[in-house]
Amino acid sequence: MSQPLPKGFLWGNSTSSMQTEGGIHEGGKGQSVYDIRPATENSMDWSVTIDEYHRYEEDFDLMQQMGMNAYRFQISWSRVVPDGDGEFNQEGIEFYRKQIKALIARGITPMICLYHFDMPLALAQKYNGFMSRHVVDAFVRYSERMVDEFADLVPYWITFNEQNLYFGSGVFHIAGYDHGEKTLNDIYTINHHVMVAHARVANYIHANTEAKIGGMLAYEECYPATSNPRDVHYARQIDEFLNNNLLEVFMHGHYSQEVLTYAKNHDLDFGFTDDDQKIFDELKSDFFAFSYYRSHLIDSSKVPLTTAPNLYLDYGMVHNPYTQANEWDWNVDPLGFRDILDKVYSRYQVPMFPIENGIGIREVSDGSKMIQDDYRIDYHRVHIQAMKDAIFEDGVDVIGYLGWGLIDIPSSSGNMDKRYGMVYVNRTNTELRDLKRTPKKSFGWFKQVIASNGAQLD
């Protein structure tokens, strides 16, 4: 056995509401943009998913059996405010209160995420989602009420899942953007509105509670594909625009000067006001949360010359021949994980909190036998070891380690074939089946890891 992690280290699991709950017509819930998406050839609809709305007690029991002491989940905005900015739905609020108390009763620390891509449908259709300052105000109103309801029970909070995704080409899908030309200026505007919303909520939490809040990014290490200086330059720009730009606001209250200069030089007006800067001036982060799944290579020769740096990867991402990958070409790169922990902590000296890590694999079962998922064990083992190296060899302060999806859930695109869980859920994209939960081999392995506080990884 190797060295255990510090006492109080958090071991757990992360999920989103739309990928777990189902129950989209129950409990007074309003429609979200996800609820109306139909099933496709490679995805389910969102009406049931894994039926967490009815089965959360069963799944919390599994978390307790594994020994988890932390769970990050999401409150569905449209479940507690059906139209996004009207009356609050008390039945929805009580649903989450029951979950929080059920977690605490099992010795599991709750962590809340306030938004994970599922904009209330009414706000998307009427106001075009986070393109609108009205929607920023509505989000802050909803968030402040959730803080008032739960901050005495929930010590850790994040506002937006993977907030840097609001600065990429996928932003329109996740920001409730219902109509428009999808311009680069729109991307800058949404990115800024989301940051203003984060800052307002974080400032409210710090002014009114003892809870902790930090920003969260989808951090994907990006390497130059070759020693071509342009590849190296592009890799640096990607990190600056997609990661450091928001980190600078989370930690220091201002955007990257490089990003602001790019916007000025290209006549991008995203409505940054003096009042917004005053909100940023008050902002602080108690920790930095991030997801980490994979790394990238950037080949600058594939990127059109006029492309904005925050969109380079749309054109220039290439396969890395030095790392293994799953069938969706998401690779395994634990050194990238360690590097992120090292460089962000070295720069900002705030506690690090990786709250999503895992690998999606196609697995087929009738739900009655244990899946021998040694590949998943291997993935988590090398990443936990990389995290331990960052802690013990590099001096990084890490709060905990949360995997993505203890229990199989559909991917964010609705694909149940891409399974991340350590518990098999008996359903497919096309067949609901009985939703029976069956632990995989990795369940017992992770239980051993937690029991040893990270000392036993074999």
Applying side chain to side chain donor-acceptor pair (under 3.5 Å) to Asn415 and not counting sequence neighbours gives Asn429

Does Asp59 use its side chain to pair, donor to acceptor, with the backbone of Tyr56 at less than 3.5 Å? no

Evaluate whether atom CD of Glu57 has more than 12 neighbouring non-hydrogen atoms of other residues, nucleotides or ligands under 6.0 angstrom away. yes

With a 4.5 Å cut-off on side-chain heavy atoms, are Ser291 and Met216 touching? yes

Taking atom NE2 of His179 as the centre, does the number of heavy atoms from other residues, nucleotides or ligands within less than 6.0 Å exceed 12? yes

Atom NZ of residue position Lys343 - does it have more than 12 heavy atoms of other residues, nucleotides or ligands inside 6.0 Å? yes

Lys212 atom NZ, over 12 foreign heavy atoms within 6.0 Å: no

Does the Asn164 side chain pair with the main chain of Leu217, one donor and one acceptor, at a distance under 3.5 Å? no

Aromatic plane relationship, Tyr312 with Tyr234 - under 30° parallel, 30 to 60° tilted, over 60° perpendicular: parallel

Where does the angle between the aromatic ring planes of Phe167 and Phe241 fall among parallel (under 30°), tilted (30 to 60°) and perpendicular (over 60°)? parallel

Can you list the steps and then say if Val33 with Phe117 is a side chain to side chain contact (heavy atoms under 4.5 Å, CB included)? CA-CA 9 Å; Val33 293; Phe117 311 156; over 6 Å; no

Heavy atoms, side chains only, cut-off 4.5 Å: are Arg362 and Asp417 in contact? yes

Phe353 and Leu402, any side-chain heavy atoms less than 4.5 Å apart: yes

Establish, yes or no, whether the cationic atom of Arg72 lies under 6.0 Å from the six-membered ring centre of Tyr156 and within 45° of the ring axis. no

Side chains of Ser285 and Val350: does their closest heavy-atom pair fall under 4.5 Å? no

Glu393 CD: over 12 foreign heavy atoms closer than 6.0 Å: yes

When you measure from the side chain of Gln448 to the backbone of Asp458, do you find a donor-acceptor pair of N or O atoms at a distance under 3.5 Å? yes

Taking only residues two or more places apart in sequence or in another chain, which ones pass side chain to side chain donor-acceptor pair (under 3.5 Å) with Thr109? none

Of Tyr204, Phe160, Tyr127, which meets ring-ring contact (aromatic ring centres under 6.0 Å, His included) against Phe139? Phe160

Check against side chain to side chain contact (heavy atoms under 4.5 Å, CB included), Phe60 and Glu52: CA-CA 10 Å; Phe60 292 177; Glu52 199 76 351; 4.3 Å; yes

By the definition side chain to side chain contact (heavy atoms under 4.5 Å, CB included), identify the one residue from Tyr219, Phe290, Phe288 that meets it with Pro354. Phe290

Taking Gln74 for its side chain and Ser17 for its backbone only, find out whether a donor-acceptor pair lies under 3.5 Å. yes

Do you know the tightest heavy-atom contact between Glu220 and Arg294? OE2-NE, 3.1 Å

Sub-4.5 Å side-chain heavy-atom contact between Ser76 and Lys29: yes

Does the structure place the NZ or CZ of Arg145 under 6.0 Å from the centre of the six-membered ring of Tyr142, at an angle of no more than 45° from the ring's axis? no

Test item: Asn245 and Asn191 side chains (from C-beta on) under 4.5 Å apart, heavy atoms: yes

Testing the 3.5 Å rule here: is there a donor-acceptor pair between the side chains of Asp333 and Tyr223? yes

Is there a side-chain contact between Phe88 and Met146, using heavy atoms and a 4.5 Å cut-off? yes

Plane angle bin for Phe73 and Tyr71 - parallel if under 30°, tilted between 30 and 60°, otherwise perpendicular: parallel

Exam field: side chain Asn128 to backbone Asp178, donor-acceptor pair closer than 3.5 Å: yes

Glu363/Tyr375 under side chain to side chain contact (heavy atoms under 4.5 Å, CB included): CA gap, chis, key distance, verdict: CA-CA 11 Å; Glu363 295 164 324; Tyr375 40 82; 2.6 Å; yes

Glu327 CD: over 12 foreign heavy atoms closer than 6.0 Å: yes

Tell me whether the rings of Phe337 and His383 are parallel (<30°), tilted (30 to 60°) or perpendicular (>60°). tilted

Does some side-chain heavy atom of Thr438 sit less than 4.5 Å from a side-chain heavy atom of Ser365? no

Once you measure the plane-to-plane angle for Tyr420 and Tyr293, does it fall in the parallel (<30°), tilted (30-60°) or perpendicular (>60°) bin? perpendicular

